[in-house]
Amino acid sequence: VVAALSLMYPVQTLMNQFPSRRIPVQPPVLAPLLLESPLPKNPPAASLQKDVAIGVAKGLKAELIRTFVVTLREHSAADIFLFVDAIPANMPAYQGLHFLVFDQNRLPTPWNRYHPSSYRYHLYHEFMQTTGKAYARVQACDIRDVAFQADPFLTVSAGEEAVHIFEEDASMTIGKCGTNSRWIQACYGGAAQRVAAQPISCSGYAIGTAKAMAQYFEVMAGEIRENARCEQNGIDQGMHNVLVNSALAGWTATNKRAYSPLPTFVSHSNERGPVYTGGYAPKGNYSWGADGAFLNHDGISYRVLHQYYRHAKLTSALEEVVVRLSAGRMHAPARTSMQSLLHTAAPETTSKQQAENLNASVPAAAETTEEGSSGGGGGGAILGMGRASSQARRACFWLGRGVCREARF
């Protein structure tokens, strides 16, 4: 099984090998959402051709973050920014990995009362107003249950402006899943019935151009903020599915808020697309290529494995892969059961896996020191481990008032 999931194989580069469908969206609405806090006037200097991966890893131990990082780094040079509540202990050094340490209690209201699966869109939205502007393509996803078999950014074709989204197993529609239906019903009432026949689109993984992803984050953050009455873990997936099917759902902005236009969504099936989402996928239905890659139903290598821990064979194989890819690094991990780590999380009752819904205690790094920097646009302290990059400093800066500190390895 370990050989079957070896990540050392040539990257697929053909862009048209995965079938997809474009989803019609509502006509654009007018003005952008006003931000809660001032932002730096200038984004950091960075290559416009570079990619970035972002995610919330609150409470995650190093072993789970490592799986995400080492498998992505094997295939992509993208920068990685992870929002954490404390710097993970025993985390090895990886080029381009930045931890942005934040205190939820100091986030603006109502985000300081929301679940991580909800307030992450506030973090993403503001990230894209500053640091994110400098990148060409953006991936935003769960961290604890995502691994890579190829460069995920190849999914985004040159010249397109779109958000690529990924469906769960074809056997399950929104109407068949009581949880997904309830999420939509709670916020949008009858829209749940109007989209009942549609496939479930998973909010735990999205990738696209920086402009399109910024539009998506803006609308998601606005809708989550304006619908406080239905706030709960997982509600983002209900909103995501309404926005994806906005025309069919009859969606209009809550409280008549004026957002940027919805982006174009390009949807990929779980069976034939580049991202495998394991939540509803049947167990034991695996196909392996001669080069060791896990294949989709068309015999093409999946680029991304999401919710892999629902499948013991995938989880066990990834444990070995991470050890191999980490060999020779400082603090290279001993074999650790990811299955046991993953099950330290609170029990999940839905198909959507929230990477941030862990209660594991992660101690703060002993070497963290306060630098006490401040400036215009809200000021606030930025703390760092080692030498902090100006890029990550700017990523923290917009949170202001000591909410965020940065550590770069």
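For the numbers below, each heavy atom of this structure counts, side chains included, while hydrogens, waters and symmetry mates do not.
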Are any of the side-chain heavy atoms of [X] and [Y] separated by less than 4.5 Å?
X: Lys58; Y: Phe83; value: no
X: Val219; Y: Ser260; value: no
X: Gln237; Y: Glu168; value: yes
X: Asn180; Y: Met172; value: no
X: Ile80; Y: Val52; value: no
X: Ile184; Y: Ile174; value: yes

Output yes when a side-chain donor or acceptor of [X] lies under 3.5 Å from a complementary backbone atom of [Y], and no otherwise.
X: Glu160; Y: Ser157; result: yes
X: Gln185; Y: Ala192; result: no
X: Asn245; Y: Leu248; result: no
X: Gln149; Y: Val304; result: no
X: Asn296; Y: Gly273; result: yes
X: Ser316; Y: Lys313; result: no
X: Thr71; Y: Thr67; result: yes

### Task
Begin with the C-alpha distance, continue with both residues' side-chain angles, and end with the deciding distance and a verdict on side chain to side chain donor-acceptor pair (under 3.5 Å) for Thr254 and Glu223.
CA-CA 6 Å; Thr254 301; Glu223 286 296 284; 2.8 Å; yes
### Message
Going by salt bridge (charged side-chain N to carboxylate O under 4.0 Å, His left out), name the residues that satisfy it together with Glu271, two or more places apart in sequence or in a different chain.
### Response
none
## Note on the structure
Hits for salt bridge (charged side-chain N to carboxylate O under 4.0 Å, His left out) against Arg113, two or more places apart or cross-chain, chain-then-number order -> none
### Derivation of the side chain to side chain donor-acceptor pair (under 3.5 Å) call for Asp142 and His306
CA-CA 8 Å; Asp142 297 344; His306 182 206; 3.2 Å; yes
### Message
Going by side chain to side chain contact (heavy atoms under 4.5 Å, CB included), name the residues that satisfy it together with Ser201, two or more places apart in sequence or in a different chain.
### Response
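Applying side chain to side chain contact (heavy atoms under 4.5 Å, CB included) to Ser201 gives Ile165, His240, Asn241, Val244.
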#### Entry: Any residue meeting side chain to side chain contact (heavy atoms under 4.5 Å, CB included) with Ala210, in chain and number order, not counting sequence neighbours
Met128, Val138
### Message
For Asp85 versus Val101, what's the shortest heavy-atom pair and its separation?
### Response
O-CG1, 3.6 Å
### Message
Looking at every non-hydrogen atom in both residues, tell me the closest pair between Ala206 and Val163 and how far apart they are.
### Response
CB-CG1, 4.2 Å
### Query
Hey, mind stepping through Asp298 and Arg272 against salt bridge (Lys or Arg N to Asp or Glu O under 4.0 Å) and telling me if it holds?
CA-CA 6 Å; Asp298 290 337; Arg272 304 182 66 193; 2.8 Å; yes
[X] side, atom [atom1]; [Y] side, atom [atom2] - distance, nearest 0.5 Å:
X: Lys283; Y: Leu314; atom1: NZ; atom2: CG; answer: 10.5 Å
X: Ser267; Y: Glu167; atom1: OG; atom2: CD; answer: 3.5 Å
X: Met91; Y: Glu63; atom1: CE; atom2: CD; answer: 9.5 Å
X: Phe148; Y: Arg73; atom1: CZ; atom2: CZ; answer: 10.5 Å
X: Met220; Y: Leu262; atom1: CE; atom2: CG; answer: 10.5 Å
X: Asn227; Y: Tyr188; atom1: CG; atom2: OH; answer: 5.0 Å

### Residue pair Cys230, Met239: steps toward the side-chain contact (heavy atoms from CB on, under 4.5 Å) verdict
CA-CA 11 Å; Cys230 53; Met239 295 180 176; 4.3 Å; yes
Ring centroid separation for [X] and [Y], is it under 6.0 angstrom?
X: Phe127; Y: Tyr121; result: no
X: Tyr286; Y: His311; result: yes
X: Tyr119; Y: Tyr114; result: no

### Task
Check ring pair (Phe, Tyr, Trp, His ring centres under 6.0 Å) between Phe166 and all other residues, then give those that pass, not counting sequence neighbours.
Tyr205, His268
### Task
Carefully, step by step, assess Arg137 and Asp151 under the rule salt bridge (Lys or Arg N to Asp or Glu O under 4.0 Å).
CA-CA 12 Å; Arg137 296 174 293 192; Asp151 185 350; 5.3 Å; no
### Task
Using the side-chain contact (heavy atoms from CB on, under 4.5 Å) rule, take Tyr302 and Val275 through it: C-alpha gap first, then chi angles, then the decisive distance, then the call.
CA-CA 6 Å; Tyr302 283 110; Val275 175; 5.7 Å; no
### Query
Are Arg324 and Glu320 close enough, and set up right, to give a side-chain contact (heavy atoms from CB on, under 4.5 Å), and what steps lead you there?
CA-CA 6 Å; Arg324 177 173 55 78; Glu320 299 287 357; over 6 Å; no
### Task
Given side-chain contact (heavy atoms from CB on, under 4.5 Å), test Tyr216 with Phe265 step by step and report yes or no.
CA-CA 9 Å; Tyr216 170 64; Phe265 292 105; 3.8 Å; yes
### Message
List the residues meeting side chain to side chain donor-acceptor pair (under 3.5 Å) with Asp169, not counting sequence neighbours, and say none if there are none.
### Response
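If we apply the side chain to side chain donor-acceptor pair (under 3.5 Å) test to Asp169, skipping adjacent residues, the hits are Ser171.
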### Query
Under the side chain to side chain donor-acceptor pair (under 3.5 Å) criterion, do Asp236 and Ser203 qualify, and how do the steps go?
CA-CA 7 Å; Asp236 67 307; Ser203 64; 3.0 Å; yes
### Task
Assess whether salt bridge (Lys or Arg N to Asp or Glu O under 4.0 Å) is satisfied between Arg310 and Asp145, documenting all intermediate values.
CA-CA 9 Å; Arg310 293 294 188 94; Asp145 60 356; over 6 Å; no
### Message
Salt bridge check, Glu226 against Arg257: does any charged N sit closer than 4.0 Å to a carboxylate O?
### Response
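Between Glu226 and Arg257 there is a salt bridge, with a charged N closer than 4.0 Å to a carboxylate O.
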